[in-house]
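Notes for the one structure printed next.
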Amino acid sequence: MTDVLLLLDGLAAAPACLVRVESTEGSAPREPGAWMAVFADRIVGTIGGGHLELQAIAEARRRLGGGSGPAQVRSPMRFALGPALGQCCGGVVHLGFERLTAADLAPAAGLRARLTPRQHPVALFGGGHVGHALARVLAPLPFALTWIDSRDGIFPSPAPQGVVCEHSDPVQLAVPRLAPGSRVLIMSFSHAEDLDVVAACLRRQREQADLPFIGLIGSKTKWATFSNRLHGRGFAPDELAQVTCPIGIPGIEGKEPDVIAVAVAAQLLQTLKEADQG
């Protein structure tokens with residue numbers, strides 16, 4: 001269960017104080033928008049740990065015991081991350097405090113939307129061992145994952161929370177339906193299917209140019225073969241250059257599915273940072 005769902009579930013039984021990073025200056029343990037919910041007996045989420053979090057928890061519990069007057073709503077506090085706080089980050093964090101009760105569950109969709117980070121669409125083609133490992137790794141990350149395969153009975157039941165499973169036969173017909181901005185990972189059970197999905201992605205790029213990452217599992221030898229075949233289908237070198245193969249962070253050599261999954265997930269996270277900087 002995600003932190004947002006844990007918060008919503010907990011509010012049905014007891015109030016909580018929402019602590020949210022409103023802004024930062026210099027180095028800070030978490031980014032604006034990060035949050036934790038402080039109940040009388042437990043914590044959901046984190047704003048980065050350390051003495052900052054300990055002081056924020058103490059302040060939140062003080063507010064929990066102080067009623068629900070106007071002073072309880074989103075009162076920012078400034079925390080300097082220096083020697084007085086027992087931290088040496090050197091930055092400043094401004095925290096907002098908001099008392100929540102069961103009454104805030106009525107507009108639950110609004111609270112959920114406010115606390116859920118932006119989800120970036122990812123399309124994962126292939127339900128093999130690496131596909132299963134990737135679905136598990138990507139599910140809690142800031143990705144909205146659509147998992148696609150041409151075979152029946154290939155997806156786990158239940159699927160990882162938040163993952164949308166889709167059957168498509170032939171599998172490449174799913175490409176035109178992908179959400180704009182999808183990052184695509186291709187690792188089907190068949191090299192022929194892989195080739196058809198790559199070709200469909202490149203055709204979409206010609207028409208819409210809205211797939212920021214097209215990743216194909218495999219070796220340099222596989223990609224050399226695919227490049228020749230795709231060239232034969234009319235794709236130019238600059239189009240082929242849009243495909244990343246092999247996938248994963250360079251330097252991670254393990255072939256185990258979970259190792260590959262972590263390397264690929266890290267690579268996708270890098271693309272988010274590059275997009276923000278661009």
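Values in this document were obtained by computation on a predicted structure and should not be read as measured data.
Side-chain contact check for L100 versus P15: every heavy-atom pair is 4.5 Å or farther apart. L268 places a side-chain heavy atom less than 4.5 Å from the side chain of L138. For the pair V44 and M36, the minimum side-chain heavy-atom distance is 4.5 Å or more. Looking only at side-chain heavy atoms (C-beta outward), L5 and R112 come within less than 4.5 Å of each other. The shortest distance between side-chain heavy atoms of R114 and L18 falls below 4.5 Å. Between D149 and V171, the closest side-chain pair of non-hydrogen atoms is not below 4.5 Å. Residues P32 and T24 form a side-chain contact, since some pair of their non-hydrogen atoms from C-beta on lies under 4.5 Å apart. Between P156 and H132 there is a side-chain heavy-atom pair separated by less than 4.5 Å.
Rounding to the nearest 0.5 Å gives a distance of 13.5 Å between NE2 of H129 and CE of M187. Going from atom CG of L81 over to atom OG of S27 covers 8.5 Å, rounded to the nearest 0.5 Å. To the nearest 0.5 Å, atom CD1 of residue I217 and atom CG of residue L185 are 9.0 Å apart. For the atom pair NE2 (H120) and CG (L269), the distance works out to 9.0 Å, reported to the nearest 0.5 Å. Annotation: the span from L52 atom CG to L95 atom CG amounts to 5.5 Å, rounded to 0.5 Å. Between the CD1 atom in I148 and the CG atom in L178 there is a gap of 5.5 Å [rounded to 0.5 Å].
What you find for A40 and L64 is that their closest heavy atoms are N-CD1, 4.0 Å. Shortest non-hydrogen contact noted between A263 and I252 is CB-CD1, 3.8 Å. V163 approaches A139 most closely through the heavy-atom pair CG2-CB, 4.1 Å. Between G48 and P29, the shortest heavy-atom contact is CA-CB, 4.0 Å.
A single hydrophobic cluster is seen to contain both L272 and L124, as judged by linkage of ILVMFWY side chains at heavy-atom distances under 4.5 Å, directly or through other members. A single hydrophobic cluster is not seen to contain both I186 and F143; linkage of ILVMFWY side chains at heavy-atom distances under 4.5 Å, directly or through other members, places them apart. The hydrophobic clustering, which links ILVMFWY residues whose side-chain heavy atoms are closer than 4.5 Å, places I260 and L145 together. L7 and L105 fall within the same hydrophobic cluster, defined by Ile, Leu, Val, Met, Phe, Trp and Tyr side-chain heavy atoms under 4.5 Å apart, directly or through other members. Residues W147 and F125 do not share a hydrophobic cluster, clusters being chains of Ile/Leu/Val/Met/Phe/Trp/Tyr side chains in contact below 4.5 Å.
Formation of a donor-acceptor pair under 3.5 Å by the Q119 side chain with backbone atoms of P117 is found in this model. Between the side chain of T116 and the backbone N or O of A113, no donor-acceptor pair lies under 3.5 Å. Looking at E239, its side chain does come within 3.5 Å of a backbone N or O of A236 through a donor-acceptor pair. Within the 3.5 Å criterion, the main-chain N or O of V21 finds no donor-acceptor partner in the side chain of R30. In terms of modelled atom types and a separation under 3.5 Å, the side chain of Q205 and the main chain of D210 share a donor-acceptor contact.
Legend: side chain to side chain donor-acceptor pair (under 3.5 Å) pairs involving residues 167-177, not counting sequence neighbours, sorted by first then second residue: D152-H167, E166-R177.
Judged purely by distance below 3.5 Å, without hydrogens or angles, the side chains of S227 and W223 pair a donor atom with an acceptor atom. A donor-acceptor pair shorter than 3.5 Å can be found between the side chains of T46 and E53. With hydrogens and angles left out, the side-chain atoms of R183 and T271 include a donor and acceptor closer than 3.5 Å.
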Are R229 and T225 close enough, and set up right, to give a side-chain contact (heavy atoms from CB on, under 4.5 Å), and what steps lead you there?
CA-CA 6 Å; R229 292 177 180 175; T225 301; 3.7 Å; yes
List the steps, then state whether side-chain contact (heavy atoms from CB on, under 4.5 Å) holds for V92 with F79.
CA-CA 6 Å; V92 174; F79 293 82; over 6 Å; no
Under the salt bridge (Lys or Arg N to Asp or Glu O under 4.0 Å) rule, what do E98 and R20 come out as? Steps first, then yes or no, please.
CA-CA 8 Å; E98 180 179 1; R20 190 169 185 177; over 6 Å; no
Assess whether side-chain contact (heavy atoms from CB on, under 4.5 Å) is satisfied between I249 and Q270, documenting all intermediate values.
CA-CA 9 Å; I249 296 293; Q270 282 186 331; 3.2 Å; yes
Given side-chain contact (heavy atoms from CB on, under 4.5 Å), test F213 with V122 step by step and report yes or no.
CA-CA 9 Å; F213 183 85; V122 171; over 6 Å; no
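More than 12 heavy atoms of other shown residues, nucleotides or ligands fall within 6.0 angstrom of atom CZ in R206.
Cation-pi geometry between R63 and F97 is satisfied (NZ or CZ under 6.0 Å from the ring centre, within 45° of the ring normal).
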Report all side-chain donor-acceptor pairs from residues 190-202 shorter than 3.5 Å, counting only partners two or more places apart or in another chain.
from : atom 1 : to   : atom 2 : distance (Å)
S190 : OG     : A192 : N      : 3.1
S190 : OG     : E193 : N      : 3.2
E193 : OE2    : S150 : OG     : 2.6
D194 : OD1    : S188 : N      : 2.8
D194 : OD1    : S188 : OG     : 2.8
D194 : OD2    : K222 : NZ     : 2.9
D196 : OD1    : R233 : NH1    : 3.3
D196 : OD1    : R233 : NH2    : 3.2

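For the salt bridge (Lys or Arg N to Asp or Glu O under 4.0 Å) test, no residue two or more places apart in sequence or in another chain qualifies with R42.
Note on R62 versus E59: salt bridge recorded, some NZ/NE/NH1/NH2 to OD/OE distance being below 4.0 Å.
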